[in-house]
Amino acid sequence: MTDFFAFVRDHADKLLEQTLTHIGLTFVSLLLALLIGVPLGIFIARKTRLANGVLGVAGVLQTVPSVALLGFLIPLLGIGVGPALVALFLYALLPIIRNTFVGITEVSPLIKEAARGVGMTQNQILTKVELPLALPVIFAGIRTATVINVGVATLAAYVAAGGLGEFIFSGIALSNVNMMLSGAIPAALLAICFDFGLARLQQLSGKKMRVGALAFVVLVPFLSAFYLVPGRQDKLVAGFAHEFYGRADGYPGLQKTYGLQLRPRLIDQNLMYEAIHRNQVDIISGYSTDGRINAFNLLVLADPKHAFPPYDAAPVVRQAALDRHPDLGLTLNLLAGKLTDSVMTALNYRVDFKKEAPENVARDFLRQSGLYKMPAPGNRTETVVMGSKVFTEQYILAEIYRQLIEGQTQLRLVTKTGLGGTQICFDALRTGAIDFYPEYTGTGLLVVLQPTAAVLKTVPMQSDSVYQFCRTQFQKKYQLTWLKPLGFNNSYCLMMRRGQARQAGIQSIGDLVTYLGKN
Amino acid sequence: MIEVRQLTKRFESHTAVNDVSLTVAPGETLVLLGTSGCGKTTTLKMINRLIEPTSGLISVDGIDVRQQPGPELRRRIGYVIQDGGLFPHYTVADAIATVPKLLDWDTIRIQDRTRELMEKLQLPVSLLNRYPAELSGGQRQRVGLARALAVNPPVVLMDEPFGALDPFTRKHVRRELFGLNELRETTVVLVTHDVSEALELADRIALMDKGQIVQIGPPDELLNNPATDFVRDFLDDKPHRLND
C-alpha cells in the first residue's frame, strides 16, 4: 500500500493531467451526445413511427464492444482524440435518446391536451410542459451516459487520446499493480462521484432540480474544456507503447542515459506504426526488426550509449531435452548467425505487411540458406515441444524451427504458439511443458533474472556480455541452456519518419536530444 | 355567441359526430349530455379546434374558427378539463398566469388579476406557491377554472370538469363556481354524463346519442316533453333530485 502512495506521489503531475483529460473526454463526448441525442429524442417522440428504427440503431451501436468500435474507427479517423470521442459519443447516445423519448412520451396525454387547450403552440408545449416534466427521466439518461463514459474513456489510452487508461494499460502491460491501481482507482472514484452528484441532483424536487439541471448543462462545456488544459505543443510528438513508457530499459532508461525529455502520448503498440505513418506522431518506440520499419520507410535512431540493452535472439532449451536428443542442439545451432537484422526485418515485413503465410516465408528463408530438406518419411516416435510468444517474429521463428527440425531429424515437433508473455513461456519451459523457445537476451536479463542494480552495473550493455551473463546464470539457476544467437538483435529503439529525420538532421538519439534542446 | 352548423366528424372506423347544429346565446350555459362515446366531447373539442371537423361550420363571436390559428383561438376560449388539467410543475400562481403570459400581459396586470381570481374563487393566498399535488381535489378544480377565466374569455368550454371529484365535493364546488358572477356572464359549453349536474347547471341541455342531438332545450322541456323514449329513459334512469 505504501508503494501505491509512493507511486501516486511520484506521478502526481501525470496523474492530474490524465484525470483532467479523462474528465474532458467524458464531457466533450457527453456534450456532443446531448446536442444530438436530445433533439433526436424529441424528434422521434413527435414521429413515433421512426422511434423503433432510431432506438434500434442506437441500441446496436451500444452493443458493439468498445475495443471493436475503436478498431472500426481507426481506419476512418486515425488515431488520437477523434476515434475516442466518436466512440464515447456513440455510447452516450442511446441512454440520452431513449430517455428523452420515454420522458416526453410518458407525459400524461391529459396534460398535453390541457396545454393545447389553453392555447400553447407545439413549441411552447415542448419547452414549457413536456421537457420540464421529462427532465427527471432525461436526467437519469444523462447520469447513465456519464457513468458509461467514465468507464469507456479508459480505452482512449489505446488510441493515444490520454486519460486514466494510460496508467491502467501500462500497469497491465508491466504487471505493475500500483500503476494499474493509480489509474483504476481515480477512474472508479470519478464514476462514483459523478453518479452520486447526478443522483443528488435528480432527487431535488421541482424548481430546484430544474435549476440544478440547467447548472449542470452549463457546466458540461466547462468540464469539457479540461481536455484542452494539458497543452501538447512539443516540437516533435512522441507516441510510445504503454510497456515501453514504464519499463526501466525503455523510456526511463533513455531519460537517464541521454537526458531525453518528451511528453509522450501513450498508444497501443500495434497502432504506433500506423500513427507515425499518418504523421500523427513523429517519434515512436518500437522493435528494431519490425517489418513495418521497411514498409513505412522509418529510420531507427542509433543508440551509441547503449541505453537499450541488447535483445539478441537465441533458443533457450531445457538441458534435459538436449541430453535426451543429442541432435536437437546441433540442429538448432545450424541457424546461428544466419538471421541478421536485415534478414529478420525482411521476413517480418513479408508477413506483417505483405500478409504472406509464416510457413511460406520460413520455407523461402531455409531454401535460400541451404538448410531446407524435405522431411524424411518414417515413424517419428520422439517428440520435442516448442513454445513461442504472440507476435509475428516469433511465429516466423517457430515455423523456421519446425521445418528445420522435421527436415534435419527424425524428431516430431509439437508447437505451442501463442504463449502470452515472457513469464508464461519461461514458466512453461521450467515446468517441462515445452522444451525450448526463442528468447531475447535483454528479456532474459531484465525480466527473468532481474539482477540487483549493483550486479547490473557490472554487466556491460553489449551483445556478448549480456549473452554470456544470461547463459551462465540460466544454466546455474534453472538448468536451461542458451544455444548460439540467431544473429539479429531485436532491441527497443526509437524511430522517426526517414524524411523528417533527414530534414531535422537527426540520426541518433543524441541528435534528437540536441534538436529538442534548440529553440 | 357560438354557432355550429351541420358539424360532422368522421374517424377512420366510425362517425363520431353526425350533422350536429346548435347555437349558444351569449351568457348561456349549454350542457352537452350523453353516454360515453355519444360524440359530446368531440363536438366540444371541435369548437376550439383541438379536433378538426370533417365538414360543417363553427363560428365563435361571428368569426369562423378556421380562419384563425388554433393556439390563438384557444387563448381566447377558456378550457377546463377533469381535475383541472393542471401542469404538475406549475404552482398555483404559474397556473393562473399561463394564458396571460402567452398573451404577453405585464407582470403587474397578471398579479392583480391573479389576486382577484383567488379571492373570487375563495382560494387562500397561501396556496399561490403550492404545486397541484399539494392541493385538494376541489382546490385543483378551482385553480383550473381560475386558469381558464384568467383573461376574461367570452367563452369557456368544460369537459367533465367535476369528473374527478367525489359526489359531495362535486356538488359544493359546482354550486360555488356557478354562483360566480364571472361565470354567469360567460358563455359556457359543458360536457357531462351526469344528469343531475346537467339539470342543475344548464340553461339548455343538448342530449346526444350516436353522434346526433336527440333533443335540445331547457331542462324542464326535456323532463316534461321528452322527444323520444330515449330522452325519457336517460333522464329517468339516473338518480337525481330536482330540488337538490
Side-chain angles (χ1 to χ4, degrees), chain A residues 38 41-42 45-49 99-142 200-217, chain B residues 41 44-45 47-52 68-91 93-104 129-134 140 143-151 153 156-161 163-164:
Chain A
V38 172
I42 293 170
R46 291 269 175 274
K47 316 249 172 207
T48 37
R49 271 181 305 121
N99 284 40
T100 306
F101 170 74
V102 170
I104 288 180
T105 47
E106 277 187 353
V107 172
S108 139
L110 210 65
I111 289 171
K112 287 184 200 178
E113 190 176 283
R116 281 186 71 207
V118 299
M120 289 187 178
T121 60
Q122 280 299 314
N123 281 339
Q124 285 167 334
I125 294 173
L126 180 69
T127 56
K128 288 172 190 278
V129 178
E130 287 175 319
L131 281 181
L133 289 176
L135 205 60
V137 184
I138 298 177
F139 223 72
I142 296 177
R200 286 295 296 274
L201 209 54
Q202 230 179 309
Q203 281 158 11
L204 292 177
S205 59
K207 205 151 233 162
K208 272 191 207 151
M209 155 158 195
R210 287 196 295 282
V211 172
L214 203 69
F216 175 76
V217 170
Chain B
T41 296
L44 183 83
K45 286 182 180 172
I47 297 175
N48 68 356
R49 291 188 63 194
L50 285 175
I51 295 176
E52 299 290 347
Q68 39 204 325
E72 267 175 46
L73 172 77
R74 289 190 280 271
R75 285 170 203 171
R76 291 189 296 100
I77 298 178
Y79 187 56
V80 184
I81 60 176
Q82 189 170 324
D83 208 20
L86 300 175
F87 308 141
H89 61 302
Y90 272 32
T91 60
D94 293 335
I96 297 175
T98 310
V99 187
K101 274 190 181 157
L102 292 175
L103 292 173
D104 286 329
N129 290 316
R130 299 280 183 81
Y131 289 94
E134 302 165 316
R140 277 202 290 276
V143 175
L145 187 64
R147 181 177 71 184
L149 294 175
V151 296
V156 174
L157 307 180
M158 301 187 179
D159 187 3
E160 302 274 5

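In what follows, chains are A, B, ... by sequence order, proteins preceding strands, each numbered from 1. All of these numbers come straight from a predicted model, not from anything done at the bench.
B:F87 and A:A115 get closest at one heavy-atom pair: CZ-CA, 3.5 Å. Here the closest non-hydrogen pair linking A:G117 and B:N48 is O-ND2, 4.3 Å. Taking each heavy atom of A:I111 and B:L86 in turn, the nearest pair found is CG1-O, 4.0 Å. For A:A114 against B:I81, the heavy-atom pair with the smallest separation is CB-CD1, 3.9 Å.
For A:R46, the CZ atom sits in a packed shell: over 12 heavy atoms of surrounding residues, nucleotides or ligands are nearer than 6.0 Å.
Ranking B:G70, B:P71, B:G85, B:P153 against chain A, the residue ahead of the rest is B:P71, based on heavy-atom pairs under 4.5 Å.
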| Candidate pair B:T98 and A:K128, rule side-chain contact (heavy atoms from CB on, under 4.5 Å), full reasoning | CA-CA 10 Å; B:T98 310; A:K128 288 172 190 278; over 6 Å; no
Practice problem: Using the side-chain contact (heavy atoms from CB on, under 4.5 Å) rule, take B:Y79 and A:R116 through it: C-alpha gap first, then chi angles, then the decisive distance, then the call. | Solution: CA-CA 10 Å; B:Y79 187 56; A:R116 281 186 71 207; over 6 Å; no
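Both the backbone and the side chain of A:E113 come within contact range of chain B, judged by heavy atoms closer than 4.5 Å. Heavy-atom distances place no part of B:R76 under 4.5 Å from chain A, backbone and side chain included. Heavy atoms closer than 4.5 Å to chain A are found in the backbone of B:I77, but not in its side chain.
If you take CZ on B:R75 and OG1 on A:T121, they are separated by 6.5 Å, rounding to the nearest 0.5 Å. Note that OH of B:Y90 and CG of A:L133 are 9.0 Å apart. Values are rounded to the nearest 0.5 Å.
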